[in-house]
There are 2 protein chains.
Amino acid sequence: MSSISSGSASPRQPRRRAVSKRSLATSLSILNAAERLFAERGYEGASIRDIAKAAGAQVASVNFHHVSKETLFERVVERRASELSKLRLDALAELKQKQQPLTLEALLSAFLRPYLEKAGAGDPQWLAYARLVAMVSAEARWHKISERCFDPTAGVFIAEIAKLFPRVSGSAIAVSFIFSVASMLSLSTSSWRIEALAGGNQQAMDQLANQLIRFCEAGMRATLEA
Amino acid sequence: MSSISSGSASPRQPRRRAVSKRSLATSLSILNAAERLFAERGYEGASIRDIAKAAGAQVASVNFHHVSKETLFERVVERRASELSKLRLDALAELKQKQQPLTLEALLSAFLRPYLEKAGAGDPQWLAYARLVAMVSAEARWHKISERCFDPTAGVFIAEIAKLFPRVSGSAIAVSFIFSVASMLSLSTSSWRIEALAGGNQQAMDQLANQLIRFCEAGMRATLEA
DNA sequence: GACAACATTGAACGATCGTTCAAATTAAGG
DNA sequence: CCTTAATTTGAACGATCGTTCAATGTTGTC
């Protein structure tokens with residue numbers, strides 16, 4: 001306290017500055033490249049040098065903008081997670097405003113559709129992210145990120161579903177919800193199988209989304225309304 | 001043909017020898033250590049040095065017994081895959097012998113139960129393997145292993161299910177089967193969540209297995225008998 | 001336009017990676 | 001028991017990893 005020249009009227013903070021446009025561009029291109037390479041090769045499989053080269057940046061720039069490899073990975077996951085959560089919660093809010101009471105199918109649709117639409121719209125960046133989410137959900141190493149980014153929103157939907165099944169324990173509902181999320185993620189992780197089956201056209205993608213929602217809705221109903 | 005000194009009575013092969021007991025032990029302990037570490041840290045995350053140390057062997061022994069890191073990984077996956085396939089196909093054969101016609105629930109149970117029982121029996125080695133299977137199924141890098149080790153048996157069950165739904169396309173059945181497998185694997189990848197819910201006692205594990213089978217059975221039925 | 005904060009650059013750091021090697025040790029076959 | 005193949009050992013290889021550094025270039029702010 002006393003060592004700092006306080007008391008004086010001049011704030012001795014070194015005066016912040018606005019971020020330059022160029023800086024933001026490199027930071028963003030690094031995030032995008034990392035998103036793609038992490039999804040393709042995994043965390044250890046994608047080196048900072050590969051990411052920097054794919055982003056057209058220097059290796060040191062990666063650490064400068066994103067501190068460390070682990071921080072970079074977390075930022076990649078977190079970036080779109082908030083967008084995904086917002087889409088889901090918005091769909092839920094719209095649902096609550098429109099119809100009363102809520103149906104299980106509508107709730108599942110509100111949760112699953114944002115992911116399916118983003119992952120299936122053909123945006124390679126979102127497709128990579130979808131695979132990344134599946135990776136984060138599968139590997140024990142990223143539990144913390146998973147809890148921080150996805151569990152809160154999932155908890156909201158689980159609570160809503162619990163209202164529809166008042167006599168069922170919360171854990172049973174959570175387990176069925178986990179099955180549903182796993183089925184959802186399998187569309188990304190098994191896309192290589194599914195594309196061989198569906199041919200990749202958009203209509204087939206929509207049918208796949210519908211099939212998933214019906215699968216989960218029936219599965220949950222069967223396990224919860226015994 | 002002609003280049004080999006055939007015809008002669010003396011076989012010029014340098015005479016094979018039986019495998020020593022000690023050699024087999026190290027080879028096995030390396031496989032077990034690799035199974036655990038690959039499951040815990042992923043392929044790139046687990047170094048050969050870590051594996052050798054955990055197995056009480058030398059780094060060079062790993063390459064001597066299992067050629068390369070990639071070969072080691074493949075052998076780890078393949079080792080129990082055949083056992084798993086055998087359990088599944090045996091259950092199917094027993095089913096076919098006992099009842100006619102087959103039910104969807106019985107088919108799903110025959111496919112899912114061997115994995116659930118092995119993964120849930122508490123054997124840490126099998127538990128690690130279960131996580132490893134989930135990892136192989138999720139990462140694009142291991143498609144080939146996945147096709148070689150798991151797809152043939154899965155194909156048998158998909159064909160059996162197809163007989164129950166003659167009017168449904170094979171691809172629709174395959175997709176629902178993928179959902180079911182993903183839900184099954186989620187019990188391993190999300191065990192950290194589920195253990196927090198179920199407390200880890202055996203009875204809860206059995207209930208989980210039943211919940212999974214009912215989930216998948218209802219999901220498949222809903223998507224296939226439209 | 002001058003100053004300071006920010007950003008990029010290219011090189012280097014130590015650590016660890018998978019693999020390979022020659023020498024030493026062990027065990028099977030005649 | 002003696003030969004010889006199989007196995008273990010410890011060290012070393014080159015490559016690549018994530019991170020850091022000082023120097024240089026580029027902006028925003030007064």
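Hydrogens, waters and symmetry mates are skipped; everything else that's a heavy atom, side chains included, is used. First the proteins, then the strands, lettered A, B, ... as listed; each starts at 1.
- End-to-end axis angle of the helix from C:dG1-D:dC30 to C:dA28-D:dT3, from C1' rotation axes over five pairs per end: 20° (rounded to 10 degrees).
- Listed in residue order, the members of residues 64-72 of chain A having a heavy atom less than 4.0 Å from DNA chain C are A:Phe64, A:His65.
- Look at A:Ser23 and you'll find a side-chain N or O under 4.0 angstrom from OP1 or OP2 of C:dA7.
- Residue pairs meeting the salt bridge (charged side-chain N to carboxylate O under 4.0 Å, His left out) criterion with at least one partner in residues 33-45 of chain A, sequence neighbours excluded, are A:Glu35-A:Arg79, A:Glu35-A:Arg80, A:Arg41-A:Asp50, A:Glu44-A:Arg141.
- Taking A:Phe64 as the reference, nothing meets the side chain to side chain contact (heavy atoms under 4.5 Å, CB included) condition, with sequence neighbours excluded.
- Residues meeting the side chain to side chain contact (heavy atoms under 4.5 Å, CB included) test with A:Ser68, sequence neighbours left out: A:Glu70, A:Thr71.
- Residue pairs that meet the salt bridge (charged side-chain N to carboxylate O under 4.0 Å, His left out) test with at least one member in residues 112-140 of chain A, sequence neighbours left out, are A:Glu83-A:Lys118.
- Using a 4.0 Å cut-off, some side-chain N or O of B:Gln58 falls inside it from OP1 or OP2 of D:dG10.
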Side-chain donor-acceptor distances from residues 173-182 of chain B under 3.5 Å, at least two apart:
{"residue": "B:Ser176", "atom": "OG", "partner": "A:Gln211", "partner atom": "NE2", "Å": "2.9"}
{"residue": "B:Ser176", "atom": "OG", "partner": "B:Thr223", "partner atom": "OG1", "Å": "2.9"}
{"residue": "B:Ser180", "atom": "OG", "partner": "B:Ser176", "partner atom": "O", "Å": "3.1"}

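- For the 3.5 Å distance criterion, the side chains of A:Thr26 and A:Ser61 fail to qualify, holding no donor opposite an acceptor.
- Of all nucleotides listed (D:dT27, D:dA11, C:dG10), D:dT27 comes nearest to the side chain of A:Ser20.
- Set against C:dT20, C:dA27, D:dC21, the side chain of B:Asn63 has C:dT20 as its closest nucleotide.
- Every residue meeting the side chain to side chain donor-acceptor pair (under 3.5 Å) condition with A:Ser188, not counting sequence neighbours, appears here in chain and number order: A:Tyr115.
- A sub-4.0 Å separation between OP1 or OP2 of D:dT8 and a side-chain N or O of B:Thr26 is present.
- Judged as a side chain to side chain contact (heavy atoms under 4.5 Å, CB included), and not counting sequence neighbours, the contacts of A:Ala54 are A:Ala33, A:Leu37.
- Looking at residues two or more places apart in sequence or on another chain, you find no salt bridge (charged side-chain N to carboxylate O under 4.0 Å, His left out) involving B:Glu147.
- By the side chain to side chain contact (heavy atoms under 4.5 Å, CB included) test, B:Ala52 pairs with B:Val59, B:Val62, sequence neighbours left out.
- Contacts between residues 27-57 of chain A and DNA chain C, counted as heavy-atom distances below 4.0 Å, involve A:Arg49.
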